[in-house]
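For reference, the structure is listed below as structure tokens.
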Amino acid sequence: MTRLARVSFAFLGVVAGTGFVAGAYAGSAGYGLGRLAHGEEIAAWNTDVRADGQGLPAGSGSVLRGEEIYFESCASCHGDFGEAVGRFPALAGGEGSLSDEDPVKTVGSYWPYLTGVFDYIGRTMPYGDARSFSSDDLYAITAYILYLNDLVDEDYMLSAQNFLENSLPNEGNFFLDDRAITELPLFSGEPCMRACKEGVEITSRAELLDITPGTN
Amino acid sequence: MDLENIKYFKGKKPTRRKFLRGALLAGGSVAASSVAATHALASSGADPAIVDKQPWDTRFGAGVDAAPYGLPSPYEVAVQRRNVPWLTADTVSSINFTPLHQLDGIITPNGLCFERHHSGVAEIDPAKYRLMINGLVERELVFTLEDLMRFPRENHVYFLECVANSGMEWNGAQMNGVQFTHGMIHNVMYTGVPLRLILEEAGIKTNASWLLVEGADAAGMTRSLPMEKALDDCLVAFKMNGEALRAEQGYPVRLVVPGWEGNMWIKWLRRIEVGDRPWHHREETSRYTDLMADGRARRFTWELDAKSVITNPSPQAPLTHGRGQTVLNGVAWSGRGTIARVDVSLDGGINWHTARLSGPSLDKSMHRFYFEFDWDGSDLLLQSRAIDSTGYVQPTKDALRAIRGKNSVYHNNGIQTWLVNPDGGVENVEVS
């Protein structure tokens, strides 16, 4: 699983850079506070899904079933084709737009991991009625979003087993915070105090836009 | 009878905005408005505010307990958080802004701390509050609020800045008001338990290196937090400025992640999962990653770079007094330490003067600065520039755009420019 390797590699990068030593904080019993969690309690809350697939529940769902749910519970805000209604976020489209003047960030164009989509819909959607979908429904909706982004065919069935085969197109285009190299050295050192430039010109004025709400 | 004064004030209060508009419109200049003020004096030259009896110096005011939880003076009714309605589709996933131009010192009053919710404000019954810690620990534990209060606690003042603060300004000067350009920040004293103690209570396994922190609201907000930060200075906080957290700030318990982007400060904190790699959830992939000009994106950009802004004068707080003694007032902060120095410019960055810091200088806290000068009534281009304890100097917006382009949304800590016109009115502008 190359993806797994990449995720942990990314993490190692962070750790190496910060001089962190794994064993150093193995704890000892402290104040005797709290109580042991019951298995049922952990199952109720521990529903997150990680990028390597940890937490994916058993189940499956088809694009067709996903379409039914989508039209019933999602299209009113996200649009029939995932193109978005009003200021709600778009879920599909935008491929190749990320370096444009107006990039469109969607599952197909921007998100790096499909697990995040599954996890997010499970914890928040449908908006205002969170945590109401079964695992099968979540697989179906996620399959449908893949379909909206032309990433699978209409007869596709998504499941716990084949989930990680669906890498998203933009996965490779994220990189770790590099400000320490690309910015901090540039933005350090004693700054100029006197006659720092020849003159100034106003290049942009908020008043011309007039989009600030009145404060009355 | 005892509440009469309050009623009287309610009927008469002038709104601040109307007053300012009136002042600026009257003749279009500050000079004219000070003339108007002079006219208010009686023909004898004596000020009626002094020679006339006033309701408050002749009649009883309100007795104790008129407001068991006190409120600001009715004259301060215009001091409010405000949102930008066109910005978001719905107020339950939206943001409002701290009125920086109406505040001073370094502490933000609880009721004025900006709000950012993804599914509205969770109203949690503290008796039903539970914090779970699970995953790579020796003991998966559940704590009640009472349990948390039995750990040793600490007090720290930290700023919380939404990393989208000033995000509307990447393309140029857009919002005409410091509340809207810089108001996604507040600075609060937290009382809480070091996260390290809670992790130690559960006993972290040796391969543990990341946490997933999760909120109990209907957005189930989650972020991955590296263990090193968790063990360093994070707090599990239950008090802000001495009182219980406000519901909109995470009551009864929120995570405090000093110096790092506000989205990670999970409100209504209900679960901490210990793991060995990051989760890459929606709020650290689709959102809160910084899109560069070439279409690639930075991730895990947690630390907030040093930043400052002049809060007065600013578009919502014009100079109404005319030429003469003038006070510049502003705030500065850095996610990497304290603020060592703030410089201000009156001429758009040609010449700089070192401002006066006043008030406590605390690690990862807001700092207050002032600069007093004699205004000759001509145009001013005001800027401020923070320098933090690491030597980092707040850059210009152009310098940031040269590296990141215009679409990164987050982490805009560029220098802000205000144009002060001779009439005292102030505009948000950018300069060359």
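Every chain is numbered from 1, with letters handed out A, B, ... down the list of sequences. Just so you know, these numbers use all the heavy atoms, side chains as well, and skip hydrogens, waters and symmetry mates.
Taking chain A as the reference chain and counting heavy-atom pairs below 4.5 Å, the highest number among B:Thr289, B:Thr88, B:Asp294 is found for B:Thr289. By number of non-hydrogen pairs under 4.5 angstrom with chain A, the leading residue of B:Asn351, B:Asp147, B:Leu381 is B:Asn351. Ranking B:Ser119, B:Gly275, B:Gly349 against chain A, the residue ahead of the rest is B:Gly349, based on heavy-atom pairs under 4.5 Å. Between chain A and the options B:Glu273, B:Arg196, B:Glu146, heavy-atom pairs under 4.5 Å are most frequent for B:Glu273. Note: A:Val49 leads A:Thr182, A:Val107, A:Leu186, A:Val49 in heavy-atom pairs under 4.5 Å with chain B. Of the residues considered (A:Gly116, A:Gly34, A:Gly189), A:Gly34 shows the highest number of contacts with chain B, using heavy-atom pairs under 4.5 Å. No other option in A:Gly86, A:Ser97, A:Pro103 has as many heavy-atom pairs under 4.5 Å with chain B as A:Pro103. Ranked by heavy-atom pairs under 4.5 Å with chain A, the first of B:Ala218, B:Ala293, B:Ser345 is B:Ala218. With chain B as partner, the option from A:Ala130, A:Gly199, A:Ser188 having the largest number of non-hydrogen pairs under 4.5 angstrom is A:Ser188. Taking chain A as the reference chain and counting heavy-atom pairs below 4.5 Å, the highest number among B:Val142, B:Val429, B:Leu87, B:Leu419 is found for B:Val142.
At a 4.5 Å heavy-atom cutoff, A:Cys77 makes no contact with chain B through either its backbone or its side chain. Using a 4.5 Å cut-off between heavy atoms, B:Val274 makes no contact with chain A at all. Using a 4.5 Å cut-off between heavy atoms, A:Phe175 contacts chain B through both its backbone and its side chain. Using a 4.5 Å cut-off between heavy atoms, B:Thr354 contacts chain A through both its backbone and its side chain. For chain B, the nearby part of A:Trp111 is the side chain; its heavy atoms alone come within less than 4.5 Å. With a 4.5 angstrom heavy-atom cutoff, B:Thr144 does not touch chain A via any of its atoms. Of the two parts of A:Asp119, only the side chain, counted from C-beta on, holds a non-hydrogen atom closer than 4.5 Å to a non-hydrogen atom of chain B. Heavy-atom distances place no part of B:Asp388 under 4.5 Å from chain A, backbone and side chain included. Contact annotation for B:His353: both backbone and side-chain heavy atoms come within less than 4.5 Å of a heavy atom of chain A. Only the side chain of B:Asp343 has a heavy atom closer than 4.5 Å to any heavy atom of chain A. Using a 4.5 Å cut-off between heavy atoms, B:Leu291 touches chain A through backbone and side chain atoms alike. For B:Ala399, the parts sitting under 4.5 Å from any heavy atom of chain A are the backbone and the side chain alike. Residue A:Lys197 touches chain B through both its backbone and its side chain, counting heavy-atom pairs closer than 4.5 Å. For B:Leu141, the parts sitting under 4.5 Å from any heavy atom of chain A are the backbone and the side chain alike. Heavy-atom distances place the backbone of A:Asp100, and not its side chain, under 4.5 Å from chain B. Residue contact with chain A, scored on non-hydrogen atoms closer than 4.5 Å, involves the backbone and the side chain of B:Val92 alike. Using a 4.5 Å cut-off between heavy atoms, B:Glu283 touches chain A through its side chain atoms alone. For B:Arg404, the part sitting under 4.5 Å from any heavy atom of chain A is the side chain, from C-beta outward, and nothing else. In this structure, chain A has no heavy atom under 4.5 Å from any part of B:Ile198. Heavy atoms of B:Leu197 lying under 4.5 Å from chain A belong exclusively to its side chain.
Between B:Arg341 and A:Glu190 there is a salt bridge, since a side-chain N of the basic residue sits under 4.0 Å from a carboxylate O of the acidic one. Ion pairing between a basic and an acidic side chain is recognised when a charged N comes within 4.0 Å of a carboxylate O; A:Glu41 and A:Arg35 show such pairing. With respect to B:Asp305 and B:Arg336, a salt bridge is recorded, a charged nitrogen being found less than 4.0 Å from a carboxylate O. In this structure, A:Arg123 pairs ionically with B:Glu214, as a charged nitrogen and a carboxylate oxygen lie closer than 4.0 Å.
Looking only at atom types and distance, the side chain of A:Tyr120 has no donor-acceptor partner in the side chain of B:Ser286 under 3.5 Å away.
Rounding to the nearest 0.5 Å places CG of A:Asp102 at 7.0 Å from CG of B:Asn407. One distance of note links OG1 of B:Thr285 with CG of A:Leu168; it measures 9.5 Å at 0.5 Å rounding. Between atom CZ of residue B:Arg82 and atom CD of residue B:Gln179 there is a gap of 6.0 Å, rounded to the nearest 0.5 Å. To the nearest 0.5 angstrom, B:Ile415 atom CD1 is 5.0 Å from B:Gln394 atom CD.
Residues B:His280 and B:Phe300 place their aromatic rings such that the two centres sit under 6.0 Å apart.
When all heavy atoms are compared, the tightest approach of A:Val152 to A:Tyr147 is O-CD1, 3.4 Å.
Residue B:Arg150 qualifies as open at atom CZ: its count of foreign heavy atoms under 6.0 Å is 12 or below. More than 12 heavy-atom neighbours from other residues, nucleotides or ligands sit within 6.0 angstrom of OH on B:Tyr392. The number of heavy atoms from other shown groups lying within 6.0 Å of CZ (A:Phe81) does not exceed 12.
Judged by the 6.0 Å and 45° rule, A:Arg50 forms a cation-pi pair with B:Trp279.
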Intermediate values then yes/no, salt bridge (charged side-chain N to carboxylate O under 4.0 Å, His left out), B:Arg298 and A:Asp178: CA-CA 8 Å; B:Arg298 282 182 184 153; A:Asp178 63 353; 2.8 Å; yes
Under the criterion side-chain hydrogen bond (donor to acceptor under 3.5 Å, both in side chains), I'd like the reasoning laid out for B:Glu430 against B:Thr417: C-alpha separation, chi angles, the key distance, then a yes or no. CA-CA 6 Å; B:Glu430 279 188 14; B:Thr417 310; over 6 Å; no
